[in-house]
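Comments concern the structure below.
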Amino acid sequence: MTPTVRPRRLRATPAMRGLATETRVHPRDLILPMFVREGIDAPLPIGSMPGVVQHTLDSLRGAVAEAAAAGVGGVMLFGIPAVRDARGSAADDPAGILNVATAAVRAEAGDALVVQTDLCLDEFTDHGHCGVLTADGAAVDNDATLDRYRAMAVAQAEAGSELLGLSGMMDGQVAAVREALDDAGHPDTALLAYSAKYASAFYGPFREAVDSQLTGDRKGYQMNPANRREGLREAELDVLEGADIVMVKPAMSYLDVLADVAAVSPVPVWAYQVSGEAAMIEAAAQNGWIDRRRAIEESVLGIKRAGADAILSYFATELAGWLR
């Protein structure tokens, strides 16, 4: 029997495939995570993340200008201080590295892209956790941590951050930060809630990138990788608390959660292609096992297809150049 339904008709030529394409990635859909370290005089390569460095202020400005020229939609800044303590004092210090870098990047980028900052204590604490610890040091004190987040939020907004990435996974963090910003005269600063952030093995290279001091794990506040419905619940709670955008992290191992959230969210949904996901692509490509460019393009396209409106990726500037 000769088939009358022939889906291959729409795959016959590059032009036809282009017309039939359902999902597209635009450079403006991409956000570049960037690391800036206090007290260095040259960029430091990160061994587990080929092509990614800890920046100086000068090299950071140059890399942001390159990202803007490529058409990238935004940059997410992470700071690595020279001195850490139990409460992460450098995080809300106006002279702290992240806040100084934010001001420098805003001056460099202007309105060419959105300057965003990570709002979490893990880079700034000497114990490496995302909040302050209880008196016995046995757990993260949720409500005491919210007070630190309030102070950080105001400091980052005053430094010029346009969007704060709330990545600590504390209960009530969105409402607390929103109230603090509004009370301090920053009602227009947007909030990105890392709503479904899982306790993942794929963060490994990031720990090197921020020189993490963590011992133990973050399973007491980051989510159980086995839980799907809980990811949707967390996103819904963050929207109710005032989140402008919600996040699923990591991306590639949690596409089901991303699709669930995207199907119901009234606000934009973003996803983070995290350090371990990028490192696997780089390692396989270096061994000649995969086509690096095709793997990068396909991986980001898959995240977009699952429902992400924008994607944080260490490949953002490079991929934006290919897309253009």
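The main-chain N or O of Ala86 is found under 3.5 Å from a side-chain atom of His127 such that the two form a donor-acceptor pair. Judged by distance alone, with hydrogens and angles left aside, the side-chain atoms of Gln54 form a donor-acceptor pair with the main-chain N or O of Ala209 at under 3.5 Å. Side chain of Ser299 to main chain of Ala295: a donor-acceptor pair is present (N/O by atom type, distance under 3.5 Å, no hydrogens or angles). At least one donor-acceptor pair under 3.5 Å links the side chain of Asp244 to the backbone N or O of Leu191. For Gln156 (side chain) and Ala153 (main-chain N/O), no donor-acceptor pair under 3.5 Å exists by modelled atom type. Using modelled atom types, no side-chain atom of Glu66 and backbone atom of Gly62 make a donor-acceptor pair closer than 3.5 Å. The closest donor-acceptor contact from the side chain of Arg17 to the backbone of Arg11 lies under 3.5 Å. Side chain of Ser59 to backbone of Thr56: a donor-acceptor contact under 3.5 angstrom is found. Here the side chain of Arg218 pairs no donor or acceptor atom with the backbone of Cys130 at under 3.5 angstrom. Between the Asp118 side chain and the Ser167 main chain, no donor and acceptor come within less than 3.5 Å of each other.
Side chains of Trp322 and Ile296 form a contact here, defined as non-hydrogen atoms less than 4.5 Å apart. Side-chain contact between Leu214 and His129: present, with at least one pair of heavy atoms (C-beta onward) separated by less than 4.5 Å. Using a 4.5 Å heavy-atom cutoff, the side chains of Phe315 and Glu282 are in contact. Side-chain contact between Val239 and Pro266: present, with at least one pair of heavy atoms (C-beta onward) separated by less than 4.5 Å. Side-chain atoms of Ile245 and Val269, non-hydrogen and from C-beta on, never get closer than 4.5 Å to each other. Under the 4.5 Å side-chain criterion, counting only non-hydrogen atoms from C-beta, Val115 is in contact with Leu77. For the pair Val140/Val132, no side-chain contact is recorded, criterion being any heavy-atom separation below 4.5 Å from C-beta on. Taking 4.5 Å as the limit, some side-chain heavy atom of Glu297 sits within range of a side-chain heavy atom of Leu319.
Residue Asp260 forms a salt bridge (Lys or Arg N to Asp or Glu O under 4.0 Å) with just one option from Arg229, Arg233, Arg228, and that option is Arg228.
A donor-acceptor pair shorter than 3.5 Å can be found between the side chains of Asp136 and Thr134. Using modelled atom types and a 3.5 Å distance limit, the side chains of Ser89 and Asp85 yield a donor-acceptor pair. Side-chain polar atoms of Tyr272 and Tyr203 form no donor-acceptor pair below 3.5 angstrom. For the residue pair Glu234/Ser195, the side-chain donor-acceptor check at 3.5 Å is not satisfied. Ser48 and Glu208 are linked by a side-chain donor-acceptor pair at a separation below 3.5 angstrom, with hydrogens and angles left out of the test.
For the atom pair CD1 of Ile80 and CD1 of Ile97, the computed distance is 9.0 Å after rounding to the nearest 0.5 Å. In this structure, CG in Asp122 is found 9.0 Å from CZ in Arg84, a value given to the nearest 0.5 Å. Summarising the geometry, atom CG belonging to Leu166 is positioned 7.5 Å from atom CG belonging to Leu192; distances are rounded to the nearest 0.5 Å. Put simply, CG on Asp147 and OH on Tyr149 are 12.0 Å apart, with the number rounded to the nearest 0.5 Å. Here the CG atom belonging to Asp171 is positioned 8.5 Å from the CD atom belonging to Glu241, to the nearest 0.5 angstrom. Annotation: the span from Lys304 atom NZ to Arg24 atom CZ amounts to 10.5 Å, rounded to 0.5 Å.
Nearest heavy-atom pair, Met49 versus Ser275, reported as atom, atom and distance to 0.1 Å: CE-CB, 3.7 Å. Summarising the geometry of Ala310 relative to Ile31, their closest heavy-atom pair is CB-CD1, 3.7 Å, with the distance given to 0.1 Å. Taking each heavy atom of Val105 and Val75 in turn, the nearest pair found is CG1-CG2, 4.3 Å. Taking every heavy atom of both residues into account, Met223 and Glu230 meet most closely at CE-C, 3.7 Å. In this structure, Leu163 and Met76 approach most closely via the heavy-atom pair CD2-CE, 4.5 Å. Across every non-hydrogen atom of Ala306 and Leu258, the tightest pair is CB-CD2, 3.8 Å.
By the 6.0 Å contact criterion, CG on Asp111 is open, its count of non-hydrogen atoms from other residues, nucleotides or ligands being 12 or less. In the displayed structure, Arg106 atom CZ is contacted under 6.0 Å by more than 12 heavy atoms of other residues, nucleotides or ligands.
Between Asp126 and Arg87, no side-chain nitrogen of the basic residue sits less than 4.0 Å from a carboxylate oxygen of the acidic one, so the salt-bridge criterion is not met. Between Lys249 and Glu277 there is no salt bridge, since no side-chain N of the basic residue sits under 4.0 Å from a carboxylate O of the acidic one.
Linking ILVMFWY residues whenever their side-chain heavy atoms come closer than 4.5 Å, directly or via other members, places Met169 and Tyr198 in the same cluster. Val274 and Ile311 fall into different hydrophobic clusters, where Ile, Leu, Val, Met, Phe, Trp and Tyr residues are linked whenever their side-chain heavy atoms come under 4.5 Å apart, directly or through other members. Cluster membership for Ile40 and Val210, using ILVMFWY side-chain heavy atoms within less than 4.5 angstrom, is not shared. Hydrophobic clustering, with ILVMFWY side chains joined whenever heavy atoms are under 4.5 angstrom apart, groups Leu255 together with Ile281. Val100 and Val64 fall within the same hydrophobic cluster, where Ile, Leu, Val, Met, Phe, Trp and Tyr residues are linked whenever their side-chain heavy atoms come under 4.5 Å apart, directly or through other members.
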Working for side-chain contact (heavy atoms from CB on, under 4.5 Å), residues Ile303 and Met252
CA-CA 7 Å; Ile303 298 166; Met252 294 169 64; 3.9 Å; yes
One pair to check against side chain to side chain donor-acceptor pair (under 3.5 Å): Gln273 and Ser313. What are the steps and the verdict?
CA-CA 5 Å; Gln273 185 182 43; Ser313 173; 2.8 Å; yes
Could you please spell out the steps behind the side-chain contact (heavy atoms from CB on, under 4.5 Å) verdict for Glu162 and Asp188?
CA-CA 8 Å; Glu162 300 169 87; Asp188 295 329; over 6 Å; no
Step by step, work out the side-chain contact (heavy atoms from CB on, under 4.5 Å) result for His26 and Leu323.
CA-CA 7 Å; His26 188 276; Leu323 293 170; 5.9 Å; no
Trace of the side-chain contact (heavy atoms from CB on, under 4.5 Å) decision for Phe35 with Val52
CA-CA 9 Å; Phe35 306 99; Val52 182; 3.9 Å; yes
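Each ring-ring contact (aromatic ring centres under 6.0 Å, His included) pair with one or both residues in residues 279-303, not counting sequence neighbours, would appear here, but there are none.
Here the two rings, on Phe202 and Tyr254, have centers that are 6.0 Å apart or farther.
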